[in-house]
Amino acid sequence: MMELQVIWIIRLVVACVLCLCIFIISASSATEGFESIACCADSNYTDPKTNLNYTTDYRWYSDKSSCRQIPKILLSHRSNVNFRLFDIDEGKRCYNLPTIKDQVYLIRGIFPFDSVNSSFYVSIGATELGEVTSSRLEDLEIEGIFRAPKDNIDFCLLKEDVNPFISQLELRPLPEEYLHDFSTNVLKLISRNNLCGIEEDIRFPVDQNDRIWKATSTPLNALPLSFNVSIVDLNGKVTPPLKVLQTALTHPERLEFVHNGLETEDYEYSVLLYFLELNNTLKAGERVFDIYLNSEIKKESFDVLEGGSKYSYTVLNISANGSLNITLVKASGSKFGPLSPALKILQARPWIDETNQTDLEVIQKMRKELLLQNQDNEALESWSGDPCMLFPWKGVACDSSNGSSVITKLDLSSSNLKGTIPSSVTEMTKLQILNLSHNHFDGYIPSFPPSSLLISVDLSYNDLTGQLPESIISLPHLNSLYFGCNQHMSNDDEAKLNSSLINTDYGRCNAKKPKFGQVFMIGAITSGSILITLAVVILFFCRYRHKSITLEGFGGKTYPMATNIIFSLPSKDDFFIKSVSVKPFTLEYIELATEKYKTLIGEGGFGSVYRGTLDDGQEVAVKVRSATSTQGTREFDNELNLLSAIQHENLVPLLGYCNEYDQQILVYPFMSNGSLLDRLYGEPAKRKILDWPTRLSIALGAARGLAYLHTFPGRSVIHRDVKSSNILLDHSMCAKVADFGFSKYAPQEGDSYVSLEVRGTAGYLDPEYYKTQQLSEKSDVFSFGVVLLEIVSGREPLNIKRPRVEWSLVEWAKPYIRASKVDEIVDPGIKGGYHAEALWRVVEVALQCLEPYSTYRPCMVDIVRELEDALLIENNASEYMKSIDSLGGSNRYSIVMDKRGVPLTSTSAESTLPAQNVSHPQPR
């Protein structure tokens, strides 16, 4: 008997052990591939609710000074009491997570709190996932579903208005079937809800994929079903857990669910509805209902029991804007009302390809090599995520090649780097410009392969040793090489360099005498310039003389045809025009003109702007590049070269420049009336409000300047940073477009490289350009549309101090314009001071400029034509009103709407205007 008891005890113990092993193996299998990160957590821990293991993020970011504790008022339901705050000037910070190529994943960031003034963005790789912004004291989650393109993925936080922060980051593998119903490789979760009255969120371990099903309040008058189903075949791995479905609600007639706060861009949304019939007594045809999305019927006579299964789901697609209304309505002839579903809303986003994999691997390898001796280097610490996309790395510039981004420029000059030059730099096959000057690099210069595309190398002002490698001198595309001020390098290569056509400093600190070939070229250019000058002077003198003589017969006097002759040649590369049009100034002269930079009149991305006076008495604005400028030598050269070739009365002319002792300075005429931004809502606006005719004239002037750029002979120019602060006003309020540091010649067929660096300013940036990186003149058109709205409304393009729905000027104004309620957006300072049709023309042009797709936007030439018509109507109306006023009438006029929303005139005097001024356009 005793032996029998022992045997049973042994069997029981073995059974328990087996059960425990099965449980451990099952739990391990369920969480395989899970990555759970608790930012700034003191140590690894297990979440008590989910039993998931969380690890700290110190292997990504070891700096504990960026850690913060979540306020106690926000601590409920949190497993991690800390968060990480990235204190950065600009750019991004990323977590690189391991993935399996082509595996489908869920990735979720949890942000512990938010305030009205906070805003930053989140991305998966190079694909923007969403904006972190909320005014509620609760966790904000951003979740995406994606197919991994490689064996790792970056989850990045991109700085916008505030420093980004994060508390938890979670990565979960999903079944392959998850993306079967979708044509994209990335989805953003908008909502995942259980609509059946369960009070708490449902997640792991109930949902083996750790999808979070949010509890949702019960719809009005909905009734709980008193049935329960415990065993049912849900037919698939991507369905909701049974717990989400097994308690449901119903209504005799209709159930309605509203989701607000959707983004207003034209995204495609997928609505997934999951149903489980809980009433075992029902037969097919007894619970039938219609499904509507935003009042549009999407599914007619939907029957959960059709096909014999109790479980059914449907996927519905819609382009929603702002809100989504899901309504289930009892179908005609149905015995019972609709059943509440589990609900999921997903937003399809275009996947943006990352940097070429080879370039990415090489530059990451280079970063590791540099970090060996530069652990706390500021430039290297900022290198996070994709080097080319969404805030390119500091010193890195990229172009497009065969459909992907490649690194073409590496400028780490003055970055306080030491150690040897990383050998991996020679593996960057598409690199064209390499600048490692003004650092502390030592050791030998690595050899470059003959296949290198380098055209410019600057290794000057370091501590390099040995000789210049033959491989550099013989590079097939190289045209400039600087390696001076490396005191331990030998100068035995002068003979080789003399025999080449490379621009070089010969390894010396002081300027070297130019080679014979260079002397010859300079002499030839100078002689040619003199001959051209003489020829032009003689030609103009002869024509001037001939026309003067011709006019002598009129009263015996000589009448010169012009007092100020202006001429230009179309070539943007002409040396003569460049040297004549823009003067080089010495640094000493600049300091004298500005009285040692005495009067600061502005700040910009390039640097500070000072007021000065030239020796001929002309007042100037002197723009000095600062050491911390976000714009570099390329922007300086860009503006210098562009404004040397292009002149127009509505473009700010460049008078001169200085490029001396590492100082980069640009000199322009002083614009006494500041910028359009200043006059609309800056300090000057408080002194004197711009009237409507002046605003209209400014808009037309700026449009003419941009139209000239877009139609420049030979190749059009795209400004890339059109905004009200870059429209300056001279003493007569003539508008002049300024700041061409980011401007580019428009891409042409056959171009081998097209820049992927998205440039622009938040609030003005063309969304299509931002998403596709495809640059065109229509990107300027979109930005100009925002400027037109600023002119009409007197509002900033972005203002997060306003209520949430009014943050974006474009999104706030569009509904009013489409509803023909333009008077709701007009600047109060000009109400009663404009003609209805003139204003409508401007507003309609603005709306067309802001079309999401560039194909539907007008070109600048058409915009100029519309604004000219608007100004003509306004001026005619103004003159007519003045004449009425002189007879005792009223000179005030404004928009009044009829019942259809069509603008009508508001005064009896206006009704007698000439015919061309009273035909009010219908809003499009």
Side-chain angles (χ1 to χ4, degrees), residues 581-582 593-594 599-614 618-625 631 635-636 638-640 642-644 646-657 665-691 693-710 717-743 760-761 763-764 780 783-784 786-788 790-791 794 796-797 860 863-864 867:
S581 301
V582 182
T594 59
T599 307
L600 178 69
I601 58 175
E603 296 276 357
F606 185 84
S608 302
V609 184
Y610 300 91
R611 190 168 180 173
T613 307
L614 302 183
Q618 182 177 4
E619 285 192 298
V620 291
V622 178
K623 190 158 67 171
V624 182
R625 184 184 174 225
Q631 300 178 29
E635 284 74 21
F636 173 82
N638 200 37
E639 184 137 0
L640 181 59
L642 189 66
L643 291 181
S644 298
I646 293 178
Q647 291 184 348
H648 187 270
E649 64 178 344
N650 294 114
L651 302 178
V652 172
L654 181 65
L655 300 178
Y657 69 96
I665 300 172
L666 298 168
V667 181
Y668 308 89
F670 175 67
M671 297 292 155
S672 57
N673 277 306
S675 70
L676 175 60
L677 180 149
D678 295 332
R679 299 309 299 267
L680 286 176
Y681 40 80
E683 287 299 319
K686 296 178 181 178
R687 295 194 293 270
K688 183 179 179 182
I689 295 175
L690 286 178
D691 59 38
T694 303
R695 297 187 192 205
L696 192 48
S697 177
I698 291 169
L700 177 58
R704 284 172 173 165
L706 291 172
Y708 178 78
L709 292 176
H710 290 183
V717 176
I718 305 172
H719 188 281
R720 289 215 299 171
D721 199 17
V722 176
K723 54 185 177 180
S724 55
S725 61
N726 283 341
I727 298 173
L728 305 184
L729 307 171
D730 66 9
H731 65 283
S732 61
M733 298 300 287
C734 176
K736 297 180 184 290
V737 179
D739 201 343
F740 299 88
F742 293 144
S743 299
T761 300
Y764 297 92
D780 282 353
S783 303
F784 187 72
V786 180
V787 171
L788 289 179
E790 287 183 84
I791 288 172
E796 306 95 316
M860 287 306 305
I863 294 170
V864 167
L867 293 178

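Between Tyr708 and Asn650 the shortest side-chain heavy-atom distance does not fall below 4.5 Å. Taking the side chain as every heavy atom from C-beta outward, Asn673 and Asp678 never approach each other to under 4.5 Å. In this structure the side chain of Leu700 never reaches within 4.5 angstrom of the side chain of Leu696, judged on heavy atoms.
In this structure, CG in Leu706 is found 8.0 Å from CG in Leu651, a value given to the nearest 0.5 Å. Between atom CG of residue Leu640 and atom OH of residue Tyr657 there is a gap of 6.0 Å, rounded to the nearest 0.5 Å. The line from OG of Ser724 to CD of Glu796 is 9.0 Å long, rounded to the nearest 0.5 Å. Rounding to the nearest 0.5 Å places CD of Gln618 at 5.0 Å from CG of Leu655. For the atom pair OG of Ser675 and CG of Asp739, the computed distance is 11.5 Å after rounding to the nearest 0.5 Å. Here the straight-line distance linking atom CG of Leu709 with atom NE2 of His648 works out to 8.5 Å at 0.5 Å rounding.
The backbone N or O of Lys723 sits nowhere less than 3.5 Å from a side-chain atom of Asn726 that would complete a donor-acceptor pair. With hydrogens and angles disregarded, a donor-acceptor distance shorter than 3.5 Å links the side chain of Ser783 to the backbone of Tyr764. Counting only distance, with no hydrogens or angles, the side chain of Arg720 and the backbone of Phe742 share a donor-acceptor pair below 3.5 Å.
Among all heavy-atom pairs drawn from Pro797 and Glu790, the shortest one is CD-OE1, 3.6 Å. Contact between Val620 and Thr613 at its shortest, heavy atoms only, is CG2-N, 4.1 Å. When all heavy atoms are compared, the tightest approach of Val582 to Gly656 is CG1-CA, 3.7 Å. For the residue pair Val609 and Leu600, the shortest heavy atom distance occurs at O-CD1, 3.4 Å. Of all non-hydrogen atoms in Ala621 and Ile601, the two that sit nearest each other are CB-CD1, 4.2 Å.
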Worked verdict on Val722 versus Val786 for side chain to side chain contact (heavy atoms under 4.5 Å, CB included): CA-CA 9 Å; Val722 176; Val786 180; over 6 Å; no

Side chain to side chain contact (heavy atoms under 4.5 Å, CB included) evaluation trace for Ile665 with Val622: CA-CA 7 Å; Ile665 300 172; Val622 178; 3.4 Å; yes

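Looking at residues two or more places apart in sequence or on another chain, you find no ring-ring contact (aromatic ring centres under 6.0 Å, His included) involving His710.
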Without placing hydrogens or testing angles, list every side-chain donor-acceptor pair under 3.5 Å for residues 727-737, not counting sequence neighbours.
unit_1 : atom_1 : unit_2 : atom_2 : d
Asp730 : OD1    : Ser732 : N      : 3.0
Asp730 : OD1    : Ser732 : OG     : 3.1
Asp730 : OD1    : Met733 : N      : 3.1
Asp730 : OD1    : Cys734 : N      : 2.8
Lys736 : NZ     : Glu649 : O      : 2.6

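Each salt bridge (charged side-chain N to carboxylate O under 4.0 Å, His left out) pair with one or both residues in residues 694-708, not counting sequence neighbours, appears once here: Arg695-Asp827, Arg704-Glu868.
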